[in-house]
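Numbers restart at 1 for each chain; the letters A, B, ... are given by sequence-line order, proteins then strands.
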There are 2 protein chains.
Amino acid sequence: MANPTNLSRRMTLSNIVQAITTYGPISRASVAKMTGYSKQTVSEIVSSLEEDGWVQTVGRTEGNVGRRAVVYEIVPDAALVASVDLGGTKVRVALCNLSGAVVAEVAEPTCKDGGEAVVDQIARMVNGATSNLGIAPSKIRVAVIGVPGVPDLETGHINLAPNIIGIDRIDFSSLLRVRLGIEVIVENDVNLAALGEHWMTHQGDKDDLVFLSIGTGIGAGVVIGGQLVRGATGGAGEVGFIPFGADPTEPESLKVGALERVTATSAIVGGYQQETGMQKTVPEIFDAFVAGEEAAAKVLQTAASYIARTIGAIAAVIDPNCVVIGGSIGAREELIRMIEQEIARNFPRSIPVEASVLGNHAALAGGTAVALSRLHIALFARDLPGANIVVPPPEIETFQEGAA
Amino acid sequence: MANPTNLSRRMTLSNIVQAITTYGPISRASVAKMTGYSKQTVSEIVSSLEEDGWVQTVGRTEGNVGRRAVVYEIVPDAALVASVDLGGTKVRVALCNLSGAVVAEVAEPTCKDGGEAVVDQIARMVNGATSNLGIAPSKIRVAVIGVPGVPDLETGHINLAPNIIGIDRIDFSSLLRVRLGIEVIVENDVNLAALGEHWMTHQGDKDDLVFLSIGTGIGAGVVIGGQLVRGATGGAGEVGFIPFGADPTEPESLKVGALERVTATSAIVGGYQQETGMQKTVPEIFDAFVAGEEAAAKVLQTAASYIARTIGAIAAVIDPNCVVIGGSIGAREELIRMIEQEIARNFPRSIPVEASVLGNHAALAGGTAVALSRLHIALFARDLPGANIVVPPPEIETFQEGAA
DNA sequence: TCATTAGTTCGTCAACTAACCGAACTAATA
DNA sequence: TATTAGTTCGGTTAGTTGACGAACTAATGA
């Protein structure tokens with residue numbers, strides 16, 4: 001009964017499920033008031049949902065005048081989704097239930113053989129997580145994979161992912177779909193991180209958000225109106241290629257990006273070496289800066305200036321509510337302070353800049369958001385025009401650093 | 001009857017109107033096939049639409065096997081919209097009917113008194129156009145005004161519009177709404193131009209489009225997924241403020257934009273003066289370039305390079321399908337050739353760049369698109385979730401240069 | 001050439017079903 | 001006793017299905 005053929009019934013069902021999901025636990029009378037449907041219609045649909053195991057009672061109201069209301073909520077474990085963050089060095093898998101809670105999380109070093117071996121690894125980790133918990137694998141309905149590259153929706157290849165060999169020559173999503181037997185969505189990891197930050201911390205009032213990841217490279221995920229912007233060729237957010245900073249006509253700039261050459265790891269390490277003749281890692285340079293070393297300050301200042309100007313360029317094009325900064329370099333509070341100062345010097349208005357709250361779990365959270373939204377649509381809003389169910393995020397701790 | 005209370009009836013009505021609008025003239029049987037509704041339902045709704053004067057028969061099919069079908073279309077003049085392009089020197093007003101055809105167009109020099117005098121002028125021009133044609137003013141349902149500034153939706157002020165004095169201190173949209181007695185939508189002119197180019201020439205396959213206007217200033221209109229991107233503070237597309245090009249920390253850069261200083265009129269005129277000591281206008285410099293003068297070539301080349309890098313920056317952030325270039329400088333074919341070459345030198349992949357087809361009528365076309373879409377929603381899709389009716393554009397000549 | 005017949009499509013009518021609502025009711029509680 | 005929750009029942013509306021007549025084209029045969 002949870003999948004009526006009729007369009008208007010599906011719409012009603014979808015609206016009622018959305019209300020229970022967002023405001024649950026909630027009584028049928030309240031749902032009726034909120035949605036505008038009659039109590040009787042709500043009762044009818046809620047009982048069909050209960051029969052099919054999608055909602056359950058969780059007690060009754062108390063203390064109010066009048067008859068006590070029976071209160072319903074979504075059955076959290078009625079279905080699960082898998083969110084996978086496939087990194088160059090580590091694979092993270094989280095199984096989440098319908099309320100966004102993580103029921104299992106595992107991490108492993110990425111299989112160095114690349115290609116199909118990685119597909120095998122992910123499938124094994126996802127299935128392993130269910131069997132450990134004694135959950136039927138069929139409970140998992142959707143898997144979202146964050147990958148460090150640009151997925152080609154037509155061929156299933158993942159391009160520009162130098163860290164995982166051979167993944168640009170296999171139909172990654174189809175192979176994984178066959179292996180897992182469920183719907184598989186492949187998305188760039190920075191894009192997912194942007195969606196994750198938006199879902200967990202910036203929903204509602206601030207619907208235009210850019211997640212800027214700064215580490216060995218620099219890249220952004222762009223969310224406008226709550227929707228991810230991928231671009232015509234999947235190249236949206238490749239801000240390292242903004243043709244300013246280093247001379248954009250040099251071959252190296254065309255290869256890694258003119259702006260990436262002055263903002264990412266190599267710029268800081270290289271700049272420090274030029275300044276001092278010494279080879280230090282980025283964390284070491286930050287330590288030196290905190291200890292008051294002038295060369296370190298100068299190098300970081302230069303990077304911060306270019307990063308600020310990158311943010312200015314982004315703001316000039318799409319004017320987001322907020323820029324969230326993450327990545328191994330971007331996560332440093334000291335750097336964010338400098339970036340804020342540099343924005344004030346280089347751009348006519350202020351741009352809200354924040355440190356990522358989710359750290360290296362942002363992509364995992366974003367994958368969960370995408371998977372849950374997709375699952376809700378598949379379950380309760382099939383073929384509905386303009387359907388875009390927003391699942392409320394779980395507690396922030398769920399996805400915070402150190403959870404795995 | 002054209003405004004049923006019931007949600008599902010409204011949805012059906014909206015779908016059927018959309019089908020007739022898009023594919024009309026069309027028979028009821030064809031509408032039934034296309035929409036999936038039964039012939040009866042379609043007949044019922046079409047006759048109520050006919051009764052209310054929204055659709056009309058336009059003959060019958062012929063030549064096909066079987067009974068001849070009665071063919072319907074939207075009554076083009078059942079309602080009108082006004083599209084107004086308020087420029088610093090000129091006010092253009094176009095009255096358009098439901099099929100996008102321009103039924104009247106007038107232009108006047110902008111009233112120099114600014115402020116409320118301009119509101120008066122627009123109201124007079126709109127109402128004057130109807131009385132000239134002997135049309136009841138009540139036929140006009142929506143007016144969209146393109147303005148050279150950033151409209152503040154809350155106060156109704158229009159900020160950053162130095163060419164029209166006092167317009168940043170009055171509630172422009174409310175005043176005009178009262179004067180015209182209809183719904184008034186105020187939007188930045190470059191944004192409307194972007195929507196106009198998208199509507200008339202790039203609908204469907206190419207839904208991510210940026211319109212780049214280059215003249216006394218440089219600015220862009222950003223369309224993603226067919227929707228206009230305004231940004232959190234209405235500042236999306238202010239690409240002149242990208243903090244590269246001129247030194248962004250200089251006061252002048254913070255005032256007019258670092259990139260504007262090296263791409264717009266003053267950069268070309270100033271550059272030419274520095275190069276030759278002579279003061280020439282931009283058209284004169286273009287003429288000199290065509291005549292083979294080296295100094296002119298060098299100056300234009302430099303501007304083209306920075307414009308190309310601006311486009312590269314846009315592409316790196318949102319990766320549009322296409323960048324359409326307009327404005328008094330941007331319209332020059334010679335410049336577009338140079339820009340294309342410079343993009344190839346400065347950016348790792350090609351970016352489709354095109355000259356504006358609509359010229360200085362782009363904003364007028366965009367205003368019409370917005371007004372018609374808004375009107376259709378108000379008439380046939382009130383309060384429908386995800387309603388976004390797309391009115392098919394008229395013949396391209398309708399809005400092409402020289403029409404007024 | 002022209003009537004006849006077959007096949008196709010359009011559009012309407014009648015009967016039916018699904019969805020939803022409103023009103024009246026029962027139940028529970030401060 | 002007022003108020004809120006939830007159910008039952010009957011009715012309205014939207015939309016479907018299927019049968020059918022009307023209108024047409026195309027092929028056929030005298």
Before you tell me yes or no, could you show the steps for A:Ser14 and A:Gln18 under side-chain hydrogen bond (donor to acceptor under 3.5 Å, both in side chains), namely the whole-Å CA-CA distance, both residues' side-chain angles and the distance that decides it to 0.1 Å? CA-CA 6 Å; A:Ser14 165; A:Gln18 170 90 67; 6.0 Å; no
Euclidean distance, atom [atom1] of residue [X] to atom [atom2] of [N] [Å, nearest integer]:
{"X": "B:Ile26", "N": "C:dG11", "atom1": "CD1", "atom2": "P", "result": "11 Å"}
{"X": "A:Arg60", "N": "C:dT29", "atom1": "CZ", "atom2": "P", "result": "7 Å"}
{"X": "B:Arg10", "N": "D:dT13", "atom1": "CZ", "atom2": "P", "result": "16 Å"}

Which residues pass the side chain to side chain donor-acceptor pair (under 3.5 Å) test with A:Gln40, not counting sequence neighbours?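 Once residues adjacent in sequence are excluded, A:Gln40 has no partner under the side chain to side chain donor-acceptor pair (under 3.5 Å) criterion.
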Tell me, please, which residues at least two apart from A:Arg230 pass side chain to side chain donor-acceptor pair (under 3.5 Å).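 Per chain and number, A:Arg230 pairs via side chain to side chain donor-acceptor pair (under 3.5 Å) with A:Glu187.
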Could you go through nucleotides 15-18 of chain D and list every protein N or O atom that sits under 3.5 Å from one of its N or O atoms, giving the distance for each pair?
| residue | atom | partner | partner atom | Å |
| --- | --- | --- | --- | --- |
| D:dG15 | OP1 | B:Ser8 | O | 3.3 |
| D:dG15 | OP1 | B:Thr12 | OG1 | 2.1 |
| D:dG15 | OP2 | B:Arg9 | NH1 | 2.5 |
| D:dT16 | OP2 | B:Ser38 | N | 3.0 |
| D:dT16 | OP2 | B:Ser38 | OG | 2.9 |
| D:dT16 | OP2 | B:Thr41 | OG1 | 2.9 |
| D:dT17 | O4 | B:Gln40 | NE2 | 3.2 |
| D:dG18 | O6 | B:Gln40 | NE2 | 2.3 |

Under 4.0 Å between a side-chain nitrogen and a carboxylate oxygen: does that hold for B:Arg374 and B:Glu183?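 Yes.
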Please enumerate all protein N or O atoms sitting under 3.5 Å from an N or O of nucleotides 6-9 of chain C, with distances to 0.1 Å.
| residue | atom | partner | partner atom | Å |
| --- | --- | --- | --- | --- |
| C:dT9 | O2 | B:Arg67 | N | 3.2 |

Phosphate contact (C:dT12 OP1 or OP2) by B:Arg28 side-chain N/O below 4.0 Å: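 Checking B:Arg28 against C:dT12: at least one side-chain N or O falls below 4.0 Å of OP1 or OP2.
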Would you say the side-chain atoms of B:Thr398 pair up with the backbone N or O of B:Glu395, donor to acceptor, closer than 3.5 Å?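 A pair under 3.5 Å: yes.
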Check: B:Ser47 side chain, B:Glu44 main-chain N or O, donor-acceptor pair, under 3.5 Å: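 Judged by distance alone, yes, a pair lies under 3.5 Å.
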If you find the nucleotide of DNA chain C closest to A:Val42 and the one closest to B:Val70, which residue's nucleotide is nearer the 5' end?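 Nearest-nucleotide comparison on DNA chain C picks B:Val70.
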End-to-end bend of the helix from C:dT1-D:dA30 to C:dA30-D:dT1 (five-pair axes, 10° rounding)?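 It comes to 0° between the two terminal axes.
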Distance, nearest 0.5 Å, that separates [atom1] of [X] from [atom2] of [Y]:
{"X": "A:Ile145", "Y": "A:Leu192", "atom1": "CD1", "atom2": "CG", "result": "9.5 Å"}
{"X": "B:Glu105", "Y": "B:Phe399", "atom1": "CD", "atom2": "CZ", "result": "7.5 Å"}
{"X": "A:Trp54", "Y": "A:Leu379", "atom1": "CH2", "atom2": "CG", "result": "4.5 Å"}

Any side-chain donor paired with an acceptor under 3.5 Å for B:Asp207 and B:His202?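 Side chains of B:Asp207 and B:His202: no pair found under 3.5 Å.
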Scan the side chains in residues 67-80 of chain A for donor-acceptor partners under 3.5 Å anywhere in the protein, sequence neighbours excluded, and list what turns up.
| residue | atom | partner | partner atom | Å |
| --- | --- | --- | --- | --- |
| A:Glu73 | OE2 | A:Gln56 | NE2 | 2.8 |
| A:Asp77 | OD1 | A:Asn97 | ND2 | 3.1 |

